[in-house]
Amino acid sequence: MKTTGAFAVVLLAMLAAQQLVAVQGEIECYEVVQELMPCLGYLQGQEPSPPAGCCDGARALYAAADTREERQQTCVCLKAAYLQYNVRDSAAQALPKACHLGLSVPVTPGIDCSK
């Protein structure tokens, strides 16, 4: 379960950085984790590439982006998970490109979620 949180943090930060928002109004960290759970092995360096389910979850979060507040909340969730779990920086930064998300902001634990 620890690794699931880390993956969620990474994805949330990416989404927040690109002004992405969650579906149906508010972003809940547990929802972000659920969507990104298939990415965990990749983010921890246990898999060479993200599985299809990982990219499906990442795209679902990306598509759900709606408001600045939701993007910021997503970022906060991702940042918290990133800091708590063993996510490899290189995998987190490579995930958007690997899943064809087109995010231009680097995904790091030091990302400023207020922007």
**Student:** Hey, what do you get for CZ (Arg88) to CD (Gln46), rounding to the nearest 0.5 Å?
**Tutor:** 10.0 Å

**Student:** What's the shortest heavy-atom distance between Cys55 and Ala98, and which atoms?
**Tutor:**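 Closest pair (atom of Cys55, atom of Ala98, distance): SG-O, 4.1 Å.
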
**Student:** First locate atom SG of Cys75, then atom CZ of Arg68, and finally report the distance between them rounded to the nearest 0.5 Å.
**Tutor:**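 These two atoms lie 11.0 Å from each other.
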
**Student:** Would you say the side chain of Lys79 lies within less than 4.5 Å of the side chain of Cys113, judging by non-hydrogen atoms?
**Tutor:**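 Result yes, sub-4.5 Å side-chain heavy-atom pair found.
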
**Student:** With rounding to the nearest 0.5 Å, note down the distance linking OG in Ser49 to CG in Leu95.
**Tutor:**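 It is 10.5 Å, given to the nearest 0.5 Å.
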
**Student:** Looking at every non-hydrogen atom in both residues, tell me the closest pair between Tyr42 and Ala94 and how far apart they are.
**Tutor:**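 In terms of heavy atoms, the two residues are closest at OH-CB, 3.4 Å.
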
**Student:** Less than 4.5 Å apart, side chain to side chain, heavy atoms only: is that true for Leu61 and Thr74?
**Tutor:**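 A side-chain contact is absent here, since even the closest heavy-atom pair is not under 4.5 Å.
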
**Student:** Only pairs at least two apart or in different chains count here, so list each salt bridge (Lys or Arg N to Asp or Glu O under 4.0 Å) that has a residue in residues 42-57.
**Tutor:**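 Sorted pair list: Asp56-Arg59.
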
**Student:** Verify, without hydrogens or angle tests, whether Glu31 (side chain) and Glu28 (backbone) share a donor-acceptor contact under 3.5 angstrom.
**Tutor:** yes

**Student:** For disulfide (SG to SG under 2.5 Å), just list the numbers for Cys99 and Cys54, CA-CA rounded to whole Å, side-chain angles, deciding distance to a tenth of an Å, and then say yes or no.
**Tutor:** CA-CA 8 Å; Cys99 290; Cys54 167; 4.5 Å; no

